[in-house]
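Notes for the one structure printed next.
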Amino acid sequence: MRYSLKVLQLLTWSGSMDQPERGDMHGEDISAQIAGKLALEHPELRAGLAPPYAPPPLPDAQERLDRLSRRVRHDLEILNYPKDDWVLPREHPRGHHVYDVVIVGGGQCGLTVAFGLMRDRVSNVLILDRAPKGQEGPWITYSRMWTLRSPKHVTGPDLGIPSLAPRSWFEAVFGETGWEQLGKWPRQAWQAYLDWYRAVLDLPVRNEADVTAFDDEDGLVRLTVNGNETVYARKVVLATGLEGIGGWYVPPFVKDKLPRESWTLCTDDVDSLDWKGKRIGLLGAGATAWDRAADLLELGATGVTIYMRRRQILMANPFRYLEKAGYLRHYASMSDADKWRWIQAMFKFGQPPTQDGVDRCAAFPNFCIHAGASWTDVEQREDGIHVTASDGSVEVFDHLFIGCGFSMDPRNRPELLPLADNMATWSDRFTPPESQPDAWLATYPYLNRDLSFVEKVPGQTPVLANMFCFNYGATVTNAHSGASLSGLRYGIEPLLHGITHALWMDDEPVHFQRTENWAEVDTDPSALEKHRWQQTG
């Protein structure tokens, strides 16, 4: 049996649901595609530093990538054991198709979950993503960084298949010399790798599919898509990235006192050129905020001021130290107390901005860092937006950008709001030592070992028993896995084990009965009939 992963051809599509877009390895030559992706917006208008060197795609990149794609399929065929699908199909009483697993989110984590399930021969899966094809995740939408923060040799989506590894793709497109010259991955190249990954594995993704509700229906999860369509699943994985359990945070007084057109999230997919000649105030000093500030300056903002609570720019990054198999694999097996101790230390230490982000901003004399201060008030006046800081200073800006990170409050997400009050958090299940209080970490969801949600009141929201969290909400339970490339390789293991274990236990009685009644001939002894011993004399 050939391991092509084209398993969805066997499925019956239900209702008005469109079939997901399948991988397309044809079309415009890959060299031209990737060269176009690597180009920054408005290069002729940009001031400041130049991006780090990125090698150009090889002229024969298409041919090289086609060879690599054939190698991937051959490798998967070699590794195709066990080869049989084993999950027994479920029937909906009204004839709707029931997926074994629906994955919400088609970025790097959602794609990897689908591949991991298919390798374990759970083939009846579907990925839903609200973005258009090729725009899943941050890489070519709101992200304004030049390169990934992770080291170039990071793996994860490949799940141990060398031909599927990021480096294999990069060498096919840019050559072995290009790999040696590479410092870190250009973010656009990473998106191109994910596009190829989806295509070569023929993963079943449906784009422009916004999941708006999760409900229990006779033990199944009923997903509402785009407001009026229905999909049924036995299990659901939320692979929805950084903000997937809450949303991007905006101080309430900003929402209450300013019209929406006066402020923009750093994570909004907007063109920084729209604020050329404007005075910008920016709240927050995470990597995304620094990248947006740099982009605004490079495209002609009159000035950008970043407000940050810390008095000093962070310099050391403990996450680099913890890119070790011991931590990444075994964090999830530690006690709650040890998890709390470790993750609190990481969050207190913090993660610095990238060197690129700092250097890009520092290249402009009209950039200002207002350290040791947050915002306490805003007021729209004729001459601009007056921002009062926690140190009592007042500055006037034409527009505000918000980069304060994200909340862990599912009440901020319409699709999770009906379930939010019964989602257990760490504050519900763990009391930290008096010396280790942390109100922020306490808001993270408290998950089972397999990353399924825990109900505060068992049975009150039964749909949660069939839902798994593989976004940033899994961080306290499972380290940096659900939205972090560096933790993906190990963080996915508990999830895959948990989903497949649940599916197996649902079907186990039937499999046991079939085993007891197994009668398929494996050895035919008829040739031995004439050799049977018979008594003589």
Side-chain angles (χ1 to χ4, degrees), residues 40-49 138 140-146 242-243 247-310 313 353-354 356-407 412:
L40 292 176
E41 293 177 304
H42 317 300
E44 71 286 354
L45 301 177
R46 284 186 182 271
L49 304 179
I140 60 171
T141 53
Y142 68 78
S143 178
R144 292 299 183 271
M145 61 185 176
W146 281 339
L242 286 173
E243 78 279 20
W248 302 113
Y249 178 75
V250 180
F253 64 86
V254 173
K255 290 182 178 180
D256 294 341
K257 302 189 71 173
L258 294 180
R260 183 62 178 87
E261 60 269 19
S262 293
W263 58 271
T264 302
L265 287 168
C266 289
T267 51
D268 284 342
D269 186 10
V270 293
D271 190 342
S272 296
L273 187 62
D274 292 345
W275 289 276
K276 181 178 181 179
K278 302 295 183 181
R279 300 164 297 174
I280 305 297
L282 196 156
L283 181 62
T288 301
W290 281 88
D291 295 331
R292 175 61 73 177
D295 203 55
L296 289 161
L297 290 163
E298 289 165 0
L299 290 175
T302 297
V304 175
T305 298
I306 283 183
Y307 289 76
M308 55 178 281
R309 287 176 297 178
R310 295 179 186 266
I313 304 294
T354 64
D356 283 342
V358 169
D359 291 344
R360 290 167 68 188
C361 289
F364 290 88
N366 53 338
F367 171 70
C368 179
I369 179 74
H370 193 144
S374 186
W375 295 350
T376 58
D377 193 22
V378 292
E379 183 181 359
Q380 184 86 53
R381 298 184 186 177
E382 288 188 5
D383 61 339
I385 304 166
H386 289 238
V387 172
T388 302
S390 55
D391 58 8
S393 64
V394 179
E395 298 287 340
V396 182
F397 301 102
D398 298 309
H399 194 80
L400 305 182
F401 272 80
I402 312 296
C404 299
F406 43 85
S407 79
N412 294 329

### Task
Determine the minimum heavy-atom distance between G384 and R279, stating which atoms define it.
CA-NH2, 4.4 Å
### Task
Give the C-alpha distance, both sets of side-chain angles, the deciding distance and a yes or no for side-chain contact (heavy atoms from CB on, under 4.5 Å) between L40 and W146.
CA-CA 9 Å; L40 292 176; W146 281 339; 3.9 Å; yes
### Query
Shortest non-hydrogen contact from D391 to A373?
OD2-CB, 3.8 Å
### Any side-chain heavy-atom pair of C361 and V304 under 4.5 Å
no
### Task
Using the six-membered ring wherever Trp is involved, compare the ring planes of W248 and Y142 and label them parallel, tilted or perpendicular (cut-offs 30° and 60°).
perpendicular
### Task
Anything under 30° is parallel, anything over 60° is perpendicular, the rest tilted; go ahead and classify H370 against Y307.
parallel
### Task
To the nearest 0.5 Å, tell me how far E41 CD sits from L299 CG.
8.0 Å
### Task
May I ask you to check whether over 12 heavy atoms, not counting those of E44, lie within 6.0 Å of atom CD?
yes
### Query
Rounded to the nearest 0.5 Å, how far apart are CG of D356 and CE of M145?
10.0 Å
### Task
Evaluate the side-chain proximity of E243 to T267: yes if any heavy-atom separation is below 4.5 Å, no if none is.
no
### Message
Test side-chain contact (heavy atoms from CB on, under 4.5 Å) on I369 and M308; report intermediate values, then the result.
### Response
CA-CA 8 Å; I369 179 74; M308 55 178 281; 3.5 Å; yes
### Message
Could you check whether R292 makes a cation-pi contact with W290, meaning its NZ or CZ is under 6.0 Å from the centre of the six-membered ring and within 45° of the ring axis?
### Response
no
## Note on the structure
For W375 and I402 the tightest heavy-atom approach is CZ3-CD1, 3.6 Å
### Of T305, I306, T264, the residue whose pairing with L282 passes side-chain contact (heavy atoms from CB on, under 4.5 Å)
I306
### Task
Dump the intermediate steps for side-chain contact (heavy atoms from CB on, under 4.5 Å) on N366 and T302, then the final yes or no.
CA-CA 7 Å; N366 53 338; T302 297; 5.6 Å; no
### Check: H386 side chain, V396 main-chain N or O, donor-acceptor pair, under 3.5 Å
no
### Message
Please give me the minimum heavy-atom distance between F401 and C266, naming the atom from each residue.
### Response
CB-SG, 4.1 Å
### Query
Do S390 side-chain atoms and S374 backbone N/O form a donor-acceptor pair below 3.5 Å?
yes
### Taking every non-hydrogen atom, the tightest pair across S407 and N412
OG-ND2, 2.9 Å
### Message
Measuring from atom CG of L400 to atom CG of L265, what distance do you get when rounded to the nearest 0.5 angstrom?
### Response
11.5 Å
### Task
Locate the shortest heavy-atom distance separating A363 from L49; write the atom from each residue and the value.
CB-CG, 3.9 Å
### Interatomic spacing from CZ in R46 to CG in D295 - rounded to 0.5 Å
4.5 Å
### L296 CG to D291 CG distance, which is reported to the nearest 0.5 Å
11.0 Å
### Query
In Å and rounded to the nearest 0.5 Å, what is the CZ to CG distance from R309 to L283?
8.5 Å
